[in-house]
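Structure first, then comments.
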Amino acid sequence: MHLKHMRPYQLRRATADNWPLLVPAGCVETHGPHMAIGHDTIIVEEICERIAARVDAVIAPSFDYGPTGYCLGGPADGTIDPDYTAFGDYVKSILRNLLEMKFRRVFVVIMHQGMEAPLALTFKKAAAELSSETALERFPRGWWGVEKLMKEAGDDTDLGRIHVHPMILPAASPPAGGDHAGYNETSFLMATRPELVEQDRLGDDAPWYCRQQEEKNSWTANVAHGEEMVDAVVDAWVAMLEGGK
Ligand SMILES: [Zn+2]
């Protein structure tokens with residue numbers, strides 16, 4: 001169920017029943033001559049749809065404009081890089097609101113660069129800061145040093161409620177793997193949004209990252225590999241969510 005589509009009674013029911021909230025996070029960045037520039041967010045959205053088809057979950061509106069560092073060009077190439085301070089403040093304010101909506105299991109799903117890169121770190125930093133700030137809204141300073149309050153907080157604050165994970169959880173890899181617009185990402189998009197891939201746009205002048213491997217590259221990317229990765233990724237998420245994490 002999409003947060004944007006919910007009526008208030010549905011929202012209250014979802015939070016009362018402790019449904020997880022999935023938060024897609026990605027970027028707008030050029031992905032070779034053959035792929036949609038929004039791939040990283042789009043594939044997370046597609047995965048979230050498939051997770052929510054199997055377990056009770058709410059999908060939040062996406063964070064589309066994540067940091068890219070202009071590694072793959074600038075706006076004229078299809079790449080956007082936000083002001084990082086502004087992006088960080090925005091992320092934190094929205095995450096705070098999602099906690100105030102009373103979601104207790106918030107999962108930010110990252111499919112761009114690594115977990116130590118600016119996008120993931122922005123969410124991790126905001127989550128860490130919100131943990132202590134929201135505790136102080138309910139408990140006095142020194143609360144963690146008082147055993148009774150510490151235990152109460154363990155069950156009843158926003159501490160640890162926001163989890164930041166890569167879309168490809170370790171249990172899904174292999175078969176799923178990362179690259180940039182190569183064999184894996186092209187296959188992911190072919191399996192989920194085939195209308196957004198045009199392999200015949202790949203010419204001899206395609207960037208190096210399209211041919212990172214001799215045999216597994218943007219040209220040989222295929223639906224079967226994409227579907228195998230999607231299934232593995234979704235299975236891993238369903239297993240984690242059903243495990244109550
Ligand atoms: Zn990508």
Side-chain angles (χ1 to χ4, degrees), residues 22-51 59 61-82 84 87 91 107-124 164-170 172-199 201-202 205-213 216-223 225-234 236-237:
L22 305 173
V23 183
C27 65
V28 176
E29 181 176 58
T30 192
H31 270 74
H34 64 302
M35 283 176 64
I37 59 178
H39 167 272
D40 291 2
T41 321
I42 292 168
I43 187 61
V44 173
E45 291 167 345
E46 292 293 326
I47 292 294
C48 287
E49 290 282 349
R50 287 160 175 77
I51 296 168
I59 303 171
S62 302
F63 285 90
D64 266 305
Y65 300 113
T68 64
Y70 292 133
C71 297
L72 281 301
D77 306 295
T79 297
I80 285 176
D81 195 43
Y84 291 9
F87 182 72
V91 163
F107 294 87
V108 181
V109 189
I110 305 282
M111 176 60 175
H112 170 61
Q113 300 182 335
M115 294 305 289
E116 303 308 316
L119 177 66
L121 289 178
T122 298
F123 284 93
K124 289 201 273 189
V164 185
H165 288 300
M167 183 191 84
I168 301 173
L169 295 171
S173 177
D179 56 26
H180 181 75
Y183 184 68
N184 290 321
E185 286 198 343
T186 304
S187 296
F188 262 130
L189 203 54
M190 291 172 75
T192 53
R193 297 293 297 275
E195 76 279 15
L196 301 181
V197 182
E198 295 184 69
Q199 277 172 305
R201 294 272 170 185
L202 287 160
D205 57 347
W208 72 271
Y209 52 76
C210 292
R211 55 182 111 242
Q212 277 180 271
Q213 290 187 55
K216 294 182 175 178
N217 51 48
S218 305
W219 288 261
T220 60
N222 58 83
V223 172
H225 178 54
E227 288 178 343
E228 187 183 18
M229 292 194 297
V230 167
D231 289 346
V233 168
V234 174
W237 273 92

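Computed from a prediction, not measured in an experiment: that's the story for all the values here. Both counts, for ligands and for their atoms, begin at 1 and track the order of listing.
Residues Asn217 and Tyr183 are not in side-chain contact: their nearest non-hydrogen atoms beyond the backbone lie 4.5 Å or more apart.
In terms of modelled atom types and a separation under 3.5 Å, the side chain of Lys124 and the main chain of Met115 share a donor-acceptor contact. Proximity of a side-chain donor or acceptor of Ser218 to a complementary backbone N or O of Ala181 within less than 3.5 Å is detected.
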Salt bridge (Lys or Arg N to Asp or Glu O under 4.0 Å), that's the test. Do Arg50 and Glu45 meet it? Break it down for me. CA-CA 9 Å; Arg50 287 160 175 77; Glu45 291 167 345; over 6 Å; no
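At least one N, O or S atom of Glu185, from either the backbone or the side chain, sits less than 2.8 Å from the Zn ion (ligand 1). Within the 2.8 Å limit, His31 places at least one N, O or S atom next to the Zn ion (ligand 1). Asp40 lies close to the Zn ion (ligand 1), since one of its N, O or S atoms is found at a distance under 2.8 Å.
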